[in-house]
Asker: 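My questions will all concern the structure given below.
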Amino acid sequence: MTSTTMTLPHFTLGAGASAGIFPGIPFRRLVRVEWSKATDTRAARWLLAAVASSTVGLMLVPILSPSAEDQTYTGYLGFAALALSILLPVVAILTLTSEWSQRTALTTFAQEPRRMRVVSAKITVSLTLGVAAALFGGLVTAAGLAAASVSGRILVPDLDAGLCAAFLLYVVLNVMTGVALGALVHNSAAAIVASFVLPIAFGLLGRTSTVVADWLDYSTAFNWLLHGEWAGHTTQVLSSVVLWIAVPLAAGLVRTARREIS
Amino acid sequence: MITTTALTKTYGGSRVVSDVSLHCEPGTITGFLGPNGAGKSTTLRMIVGMARPDHGTATIGGQRFVELPNPTRVVGTLLDASAMHAGRTGRTTLTIAARMAGVPTSRVDELLDRVGLTDAAERRVGDYSLGMRQRLGIAQTLVGEPQVLILDEPANGLDPEGIVWMRRLLRDFADRGGTVLLSSHLLHEVQATADHLVVISQGAVVASGLLTELLASSSLTLRTPDPEGLARALRAAGIDHQPGPDQTITVEVRDGRVTAEMVARAASDQQVLLTELRPSDSRGLEQLFFSLTAAQPAHSQEAAA
């Protein structure tokens, strides 16, 4: 420490002795701060870059192997959906868990003790990232289709507004599974492992039981949604939403509200 | 400004905090002293809403912490300097705090300068030493220009210069009307920083009050070349006395009913020469404290440092 830092610090004491004179923190401000926190570290930026590059990378598959992959608009969009469903939930998980893994909850909840507001801001940020990523996936799909069509390929224009909306919903729901898991588990590594292992486990179980495959395996359910196959599947999709999003998220909110921080 | 009443907390059947009542006034620094594991951190965490008391209440300026609309404008808290995001820079850490508090982010540069971290501002906190994190944590507590500071072991990791710097900062803060509550397991650290003291052991308050009163000596030490003459003089004046250590004579002050002046007068009346008349070395608080920390002898070394 240099001698210049040893000068007696001057600081003003807060204007009022009364605790109530400062207004609460507006939700907009919480969201903006949580947005910064979700994107201001090297790790977060690498992860977002990985989401973007994996989307572009997977888009090369239908372009480079025209005989193996459907040369349809929805076929191309499916690759964007696949890419975003892998890493985007991880972004959401980290947004929710890093306060616990990095122990910054001790700081954050001293800044805003109404923990549900902080979690709501984090969910808002995750959803915003999800929508932005879906738009990015749409752009990459459009670029991929343009590239394929420039090369003289015949593409089936089978995409309508409903399927575009389904794609957006698919990405958002995948983000929400990450949000729910992160809200519940609080440990980055454990939540990320769970987000990869559980779909595989339920996929395998689904081979032995149609009940599991139809009602509990969200990868299957969300794929019906993505492809607009609602007929007979509406309640099954809802079942997955309840089981994989609503229930763990509710439990996670309760846990976050009650957890003692040390 | 900080008030707790009968805060009690049980973890897994064992009482870690038991009926702790504190009162910290504006303009004072209260040292919360106790060995590691005595319940200091748990008490501070209950005050700021990180842990729920089984019963008892804690308020800051009359309000529960969790009810403060924008707490960092009222209370600066530093509960654990190592609980910072390792991937953020010092500047980013303070900028987030400033935005949450709703104060201009221009304050960040000023604070970095104040805590001597300007040169390290762009480095990741993961690369900071504990002392640097402690400084950053102290800067973070000051971001919202609070009236109250709650600091858990703030001297941890600071070098001797840094400790002196922090004492002056806290004294200045209190002199401007601020309220400070800080915990420490080092008696000498608290003695040099605080003006009020609360000693906690095994979750319960065992001593509290003004530092000067707690440290006040309860007896006088006298020395004379004529012990028998002095004994006679004291008996004549009706002052009880006992032989003290090292051929001295000890006189109990009995809450001020016996004063040094009375002793000097008694000796002077009988023409007895006094070569020493002073308050006895205060060992009471230290003995109390070290008896609490006896199981952890390492502390006495740290305390002496």
Side-chain angles (χ1 to χ4, degrees), chain A residues 1-26 29-37 39-46 94 98-115 118 121 257-262, chain B residues 1 26 41-42 45 48-52 60-63 65-75 77 79-80 82-88 92-93 95-97 99-102 111 113-118 124 140 142 144-147 159 161-162 164-165 168-169 172-173 176-178:
Chain A
M1 192 165 52
T2 62
S3 61
T4 51
T5 64
M6 296 300 290
T7 51
L8 189 65
H10 291 283
F11 50 87
T12 28
L13 222 48
S18 158
I21 61 166
F22 295 104
I25 304 171
R29 193 196 295 165
L30 283 178
V31 172
R32 282 208 300 268
V33 169
E34 288 302 334
W35 177 271
S36 304
K37 283 158 76 173
T39 55
D40 71 359
T41 62
R42 259 182 350 212
R45 284 177 190 156
W46 276 111
L94 290 178
S98 74
E99 299 277 359
W100 305 103
S101 289
Q102 296 278 342
R103 301 183 56 224
T104 46
L106 217 45
T107 302
T108 303
F109 294 134
Q111 290 163 337
E112 173 52 280
R114 281 149 287 261
R115 301 182 189 175
V118 175
R258 301 188 54 84
R259 178 162 176 187
E260 305 219 331
I261 304 167
S262 59
Chain B
M1 208 49 185
S41 296
T42 306
R45 273 159 201 190
V48 299
M50 301 292 163
R52 263 184 318 281
I60 291 156
Q63 271 185 294
F65 183 89
V66 295
E67 287 164 357
L68 297 171
N70 191 345
T72 55
R73 300 308 308 265
V74 181
V75 197
T77 55
L79 295 183
D80 186 348
S82 56
M84 291 181 175
H85 199 299
R88 281 190 198 115
T92 316
T93 303
T95 303
I96 289 171
R99 288 170 67 193
M100 286 289 265
L111 282 165
D113 185 45
R114 184 176 300 158
V115 300
L117 287 175
T118 301
R124 283 150 41 103
Q140 188 167 264
L142 298 172
E145 304 185 322
Q147 301 100 53
D159 55 19
E161 263 183 311
V164 170
W165 164 82
R168 296 172 73 187
L169 183 146
D172 186 51
F173 183 86
R176 289 160 196 258

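In what follows, chains carry the letters A, B, and so on, assigned in the order in which the sequence lines appear, proteins first and then strands, with residues in each chain numbered from 1.
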Asker: Only pairs of heavy atoms separated by less than 4.5 Å count here; which of A:Leu106, A:Thr104, A:Leu30 has the most with chain B?
Answerer: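 That would be A:Leu106.
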Asker: Taking C-beta and beyond as the side chain, do B:Ile96 and A:Thr107 meet within less than 4.5 Å on heavy atoms?
Answerer: no
Asker: Tell me, for B:Gln140 versus chain A, whether the close heavy atoms (under 4.5 Å) come from the side chain, the backbone, both or neither.
Answerer: side chain
Asker: Name the member of B:Thr92, B:Thr93, B:Asp80 that forms the most heavy-atom pairs with chain A at distances under 4.5 Å.
Answerer: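 Sorted descending by pairs with chain A, the first entry is B:Asp80.
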Asker: Using non-hydrogen atoms and a 4.5 Å limit, figure out which bit of A:Arg115 sits close to chain B: side chain, backbone, both or neither.
Answerer: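 The side chain, not the backbone.
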Asker: Between A:Pro23 and B:Pro69, what is the shortest heavy-atom contact and its length?
Answerer: C-CB, 3.9 Å
Asker: Below 4.5 Å from any heavy atom of chain B, which atoms of A:Ala105 appear? Answer side chain, backbone, both or neither.
Answerer: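 Answer is backbone: N, CA, C or O of A:Ala105 sit under 4.5 Å from chain B.
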Asker: Examine whether an atom of A:Ser101 lies under 4.5 Å from a heavy atom of chain B, and if so say whether it belongs to the side chain, the backbone or both; otherwise answer neither.
Answerer: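 Answer is neither: A:Ser101 stays 4.5 Å or more from chain B.
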Asker: If you measure only the distance, is there a donor-acceptor pair under 3.5 Å linking the side chains of B:Arg99 and A:Ser36?
Answerer: yes
Asker: Between B:Arg45 and A:Ile261, what is the shortest heavy-atom contact and its length?
Answerer: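 That closest heavy-atom pairing would be CD-O, 3.6 Å.
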Asker: Strictly distance-based, threshold 3.5 Å: is any side-chain N or O of A:Arg29 a donor or acceptor partner for the main-chain N or O of B:Met100?
Answerer: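 Yes; at least one donor-acceptor contact below 3.5 Å.
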Asker: Under 4.5 Å between any side-chain heavy atoms of A:Arg42 and B:Arg124, yes or no?
Answerer: yes
Asker: Chain B heavy atoms under 4.5 Å from A:Ala110: which part of the residue, side chain, backbone, both or neither?
Answerer: both
Asker: At their closest point, which heavy atom of A:Phe109 faces which heavy atom of B:Met50, and how far apart are they?
Answerer: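 Minimum heavy-atom separation between A:Phe109 and B:Met50: C-CE, 3.5 Å.
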Asker: Tell me, for B:Ala101 versus chain A, whether the close heavy atoms (under 4.5 Å) come from the side chain, the backbone, both or neither.
Answerer: backbone
Asker: Just so I understand: if I count every heavy-atom pair under 4.5 Å between each of A:Ser98, A:Ala44, A:Gly24 and chain B, which residue has the most?
Answerer: A:Gly24
Asker: Would the distance check show the side chain of A:Gln111 and the main-chain N or O of B:Thr72 forming a donor-acceptor pair, the cut-off being under 3.5 Å?
Answerer: no
Asker: What are the two closest non-hydrogen atoms of B:Val66 and A:Arg114, and how far apart are they?
Answerer: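 The pair with the smallest heavy-atom distance is O-NH1, 3.2 Å.
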Asker: Calculate, to the nearest 0.5 Å, the distance between atoms CZ and CZ belonging to B:Arg52 and A:Arg258 respectively.
Answerer: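 So the gap between those two atoms works out to 4.5 Å.
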